Amino acid sequence: MTVARLTELGVDAGSHCLDVGAGRGSIARWMRDRVGPSGRVVAVDLDTRFFDGESGIEARQADILTDELEQGTFDLVHCRLLLHHLRGRQVEAVTRMAHALKPGGILIASECYLGAMRASSTHAFSELWRGLYAAMPHADYEWAVSLPATLQEAGLANVEAHGDVDLVRGGTAVAEFWKLTVEAVRERIPGDIDVDAGLRVLDDPRAYEPSFVWYTAWGTRT
């Protein structure tokens with residue numbers, strides 16, 4: 001999904017790109033291979049260990065809310081699954097990223113909406129996501145619906161948005177991803193939630209449950 005959008009938006013040989021909240025570096029690596037030696041890729045994160053020192057990627061340990069970025073430098077700025085962690089400060093973060101764009105440059109952001117997971121008709125599954133919400137109070141997993149308006153408020157023009165819907169089937173790689181996510185925060189899940197019952201749903205190949213709704217929005221700097 002992300003690669004398709006970036007391709008449509010014109011990331012190509014020679015582009016100068018900034019990836020904010022680069023995580024394990026998958027999109028930064030794709031950008032590097034796409035822009036080639038005539039382009040530039042800067043990858044920013046609080047923890048750069050997964051891509052630090054890689055050829056063609058300028059790894060930068062930084063906080064988007066406090067550290068300065070070059071102004072008017074990049075053709076494209078990208079962030080994914082970052083803004084929902086910045087509760088109440090999303091407009092500030094997007095504004096700072098937008099200032100790093102050249103005039104006419106594009107900012108693209110993707111966020112996940114998890115509200116549908118709590119609305120599952122399978123009680124054990126919906127309870128599992130109630131537990132995940134409780135275990136991660138710093139994050140707002142229903143904020144994604146505000147993404148287009150946030151880009152507009154940050155001063156970007158020609159804002160467009162698109163949604164992609166996923167399902168999770170038990171026993172698949174996606175289900176395993178969710179199991180690992182739950183296990184990582186299991187000790188913080190309230191004791192009244194039967195975590196094992198929810199995990200059994202994720203092991204059951206007969207189970208088809210709601211997953212992410214991906215909101216992606218993009219706009220240009222005037």
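Quick caveat, the model's predicted, so the values are computed rather than measured. One is the number of the first residue; the rest follow in order along the sequence.
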Glu54: salt bridge (charged side-chain N to carboxylate O under 4.0 Å, His left out) partners, not counting sequence neighbours:
Arg29, Arg32
Rounded to the nearest 0.5 Å, what separates atom CG in Asp140 from atom NE2 in His85?
11.0 Å
Sequence neighbours left out, what passes side chain to side chain contact (heavy atoms under 4.5 Å, CB included) with His99? Give chain and number order.
Gln71, Thr95
Closest heavy-atom pair, Ala13 versus Ser38, reported as atoms and distance to 0.1 Å, is C-OG, 4.1 Å
Which atom names give the shortest non-hydrogen contact between Ala157 and Thr222, and what distance separates them?
CB-CG2, 3.5 Å
Quick check against the 3.5 Å criterion: does Asp45 have a side-chain atom that pairs as donor or acceptor with the backbone of Ala22?
yes
The side chain to side chain contact (heavy atoms under 4.5 Å, CB included) partners of Ala116 (sequence neighbours excluded) come to Pro210
For Leu180, the other hydrophobic cluster members (4.5 Å side-chain criterion, sorted by chain and number) are none
Considering residues at least two apart in sequence or located in another chain, which fulfil the side chain to side chain donor-acceptor pair (under 3.5 Å) criterion with Ser120?
Glu209
When clusters are formed by joining ILVMFWY residues with side-chain heavy atoms under 4.5 Å apart, either directly or through shared neighbours, do Leu9 and Leu156 land in the same one?
no
Are Val195 and Leu114 co-members of a hydrophobic cluster defined by side-chain heavy atoms under 4.5 Å apart?
yes
Whether the side chain of Asp67 engages the backbone of Asp63 through a donor-acceptor N/O pair (distance < 3.5 Å, no angle test) should be reported.
yes
Inspect the surroundings of CD in Glu8 and state if more than 12 heavy atoms from other residues, nucleotides or ligands are less than 6.0 Å away.
yes
Atom CZ in Arg200, atom CG in Leu128: separation rounded to 0.5 Å?
11.0 Å
Between Val3 and Trp30 the two heavy atoms that sit nearest each other are CG1-NE1, 3.4 Å
Check residues 102-113 and write down every donor-acceptor pair under 3.5 Å in which the side-chain atom is one partner and the other belongs to a residue at least two apart or another chain.
residue, atom, partner, partner atom, Å
Lys102, NZ, Asp75, OD1, 3.3
Ser110, OG, Thr216, OG1, 2.9
Glu111, OE1, His84, N, 3.3
Glu111, OE1, His84, ND1, 2.7
Glu111, OE2, Leu82, N, 3.0
Glu111, OE2, Leu83, N, 2.7

Could you tell me if the side chain of Val44 sits less than 4.5 Å from the side chain of Ile64, heavy atoms only?
no
Do the side chains of Val35 and Val41 get nearer than 4.5 Å, heavy atoms only?
yes
Does Thr2 have any side chain to side chain contact (heavy atoms under 4.5 Å, CB included) partners at least two apart in sequence or in another chain, and if so, which?
Leu6, Ile27, His78, Arg80
Tell me the closest heavy-atom pair linking Leu86 and Ala93, and the distance in Å.
CD1-CB, 3.7 Å
Verify whether the ring centers belonging to Trp143 and Tyr215 lie closer than 6.0 Å.
no
Are Val145 and Val213 linked, directly or through other ILVMFWY residues, by side chains that come within less than 4.5 angstrom of each other?
yes
Compare all side-chain heavy atoms of Val11 with those of Cys17 and state whether any distance is below 4.5 angstrom.
yes
Please walk me through it: do Arg5 and Glu160 pass salt bridge (Lys or Arg N to Asp or Glu O under 4.0 Å)?
CA-CA 12 Å; Arg5 293 276 172 235; Glu160 300 285 348; over 6 Å; no
How long is the gap from CZ on Arg186 to CD1 on Ile193, to the nearest 0.5 Å?
11.5 Å
Going by salt bridge (charged side-chain N to carboxylate O under 4.0 Å, His left out), name the pairs with one or both residues in residues 142-152, residues two or more places apart or in two chains.
Arg118-Glu142
Would you please name every residue forming a side chain to side chain contact (heavy atoms under 4.5 Å, CB included) with Lys179, sequence neighbours left out?
Glu176, Leu199, Leu202, Asp203
Gap between atom CE of Met31 and atom CG of Asp12 - 0.5 Å precision
12.5 Å
Hey, can you pull the donor-acceptor pairs under 3.5 Å for the side chains in residues 166-173, sequence neighbours left out?
residue, atom, partner, partner atom, Å
Asp166, OD2, Trp214, NE1, 3.2
Arg169, NE, Pro205, O, 2.7
Arg169, NE, Tyr208, OH, 3.0
Arg169, NH1, Tyr208, OH, 3.2
Arg169, NH2, Pro205, O, 3.3
Thr172, OG1, Arg169, O, 2.7
Thr172, OG1, Ala175, N, 3.4

Between Arg40 and His16, is there a donor-acceptor pair closer than 3.5 Å when you use the side chain of the first and the backbone of the second?
no
State plainly whether one hydrophobic cluster holds both Leu147 and Tyr141, where clusters connect Ile, Leu, Val, Met, Phe, Trp and Tyr through side-chain heavy atoms under 4.5 angstrom apart.
no
For Arg34, which residues count as a side chain to side chain donor-acceptor pair (under 3.5 Å) partner, sequence neighbours excluded?
none
Between Trp129 and Phe125, is the ring centre distance below 6.0 Å?
yes
Between CZ of Arg130 and CD1 of Ile189, what distance do you get to the nearest 0.5 Å?
10.5 Å
Ignoring hydrogens and angles, tell me if any N or O in the side chain of Thr181 forms a donor-acceptor pair with the backbone of Phe177 under 3.5 Å.
yes
same_hphob_cluster(Leu81, Val185) at 4.5 Å side-chain heavy-atom cutoff:
yes
List in chain and number order the residues that pass side chain to side chain donor-acceptor pair (under 3.5 Å) with Arg24, two or more places apart in sequence or in another chain; answer none if no residue qualifies.
none
For Trp178 versus Ser211, what's the shortest heavy-atom pair and its separation?
NE1-OG, 3.4 Å
Got a second to check how far Leu65's CG is from Gln90's CD, nearest 0.5 Å?
9.5 Å
